[in-house]
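Computed from heavy atoms alone, side chains included, the values below leave out hydrogens, waters and symmetry copies.
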Amino acid sequence: MLTFLNSTAFTALGAPTTWAEVLGFLSGAWCVYLVGRQSALNWPIGIVNNLVWILLFATAGLYADSGLQIVYIGLAVWGWTNWVRGHDGGVLPVTGTSGREWLWLVGAGIAGTAALTVLLDTATPSTVPFWDAATTVLSLLATWGQATKRWESWLLWIAADLIYIPLYLHKGLTLTALLYIGFLLLCVRGLIAWRSTRVRTPEFARGA
């Protein structure tokens, strides 16, 4: 199975594309689309996507991103439970992030990126430790926001995607980089949809 996933599905723009990249895109795009529609099915689809990315990123030498997928699976179980359980017997609403939460997010982001950069630089053969760490931390914070339905989580995903695209080009994952442009557009769509939903439910709003 691993041999098949690492085998070339086709060649695009002169670069070989593996079946892992193809499956990663299909499951990832479906997941992002479902998140934008606030469907709880995004979580199991996301777990499938995480399993595929573990192989893809480890093969490309993106060790933080590979390990991050394991954390994602744990967060997905929590997020799935959160969404299904809802709020006071109803659907979990989209809310804003409070000022206190932003302080925590910024502090965790800076500390986490610094610590992970040092770890990757000294303990792994990562060739891009800072950018690998930055995207890892942004993605973790965005997943927290997604699990708690904070509309600003899309801003964090967009920031991560803007780093991921040139990073994957640098690592030779040409198709993955192009597909992340598609993810970026889906994130913009999700941001608009969630922001609009939050505006229509101001009683749950926590932030501006």
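- Q69 places no side-chain N or O within donor-acceptor distance of the main-chain N or O of S66, the cut-off being under 3.5 Å.
- Note that CD1 of I158 is 14.5 Å distant from OH of Y164, once rounded to the nearest 0.5 Å.
- Heavy atoms of other residues, nucleotides or ligands lying less than 6.0 angstrom from CH2 of W83 number more than 12.
- Side-chain N or O atoms of S196 include none that pairs as donor or acceptor with a backbone N or O of A193 at under 3.5 Å.
- In summary, of the residues considered (I54, N50, L51), a side-chain contact (heavy atoms from CB on, under 4.5 Å) with I70 occurs for I54 alone.
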message: Please determine whether side chain to side chain contact (heavy atoms under 4.5 Å, CB included) holds for the pair R150 and R198, giving the CA-CA distance in whole Å, both sets of side-chain angles, and the decisive distance to 0.1 Å.
response: CA-CA 9 Å; R150 302 294 199 272; R198 176 195 170 276; over 6 Å; no
task: Decide side chain to side chain contact (heavy atoms under 4.5 Å, CB included) for R85 and L92; before the verdict, give the C-alpha distance in whole Å, the side-chain angles of both, and the deciding distance to 0.1 Å.
output: CA-CA 8 Å; R85 186 172 56 213; L92 183 68; over 6 Å; no
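- The distance from the OG1 atom of T113 to the CG atom of L138 is 6.5 Å, given to the nearest 0.5 Å.
- T135 contributes a side-chain N or O that, together with a main-chain N or O of D132, makes up a donor-acceptor pair within less than 3.5 Å.
- Evaluation of the ring pair (Phe, Tyr, Trp, His ring centres under 6.0 Å) rule for F25 yields F183 as partners, not counting sequence neighbours.
- If you chain together hydrophobic residues whose side chains sit under 4.5 Å apart, V118 and L120 never meet in one group.
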- prompt: Going through the distances and angles, do W154 and V32 end up as a side chain to side chain contact (heavy atoms under 4.5 Å, CB included)?
  reply: CA-CA 10 Å; W154 291 107; V32 175; 4.1 Å; yes
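- Rounded to the nearest 0.5 angstrom, I163 CD1 and W131 CH2 are separated by 5.5 Å.
- Between atom OG1 of residue T97 and atom CH2 of residue W144 there is a gap of 5.5 Å, rounded to the nearest 0.5 Å.
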Could you give the side-chain donor-acceptor pairs of residues 38-49 under 3.5 Å, partners two or more places apart or in another chain?
residue, atom, partner, partner atom, Å
Q38, OE1, K149, NZ, 3.0
Q38, NE2, T197, OG1, 3.4
S39, OG, L41, N, 3.3
N42, OD1, Q146, NE2, 3.1
N42, ND2, S39, O, 2.8
N49, OD1, W53, NE1, 2.6
N49, ND2, G24, O, 2.7
N49, ND2, S27, OG, 3.0

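- Ion pairing between a basic and an acidic side chain is recognised when a charged N comes within 4.0 Å of a carboxylate O; R195 and E152 show no such pairing.
- Residues L178 and I181 meet the side-chain proximity criterion, which asks for heavy atoms closer than 4.5 Å.
- From W157, atom CH2 reaches atom CG of L162 across 13.5 Å, with rounding to the nearest 0.5 Å.
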- request: Carefully, step by step, assess L191 and W151 under the rule side chain to side chain contact (heavy atoms under 4.5 Å, CB included).
  value: CA-CA 7 Å; L191 171 63; W151 68 266; 3.6 Å; yes
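- Of the possible donor and acceptor atoms, none in the side chain of R37 sits under 3.5 Å from a partner among the backbone N and O of V35.
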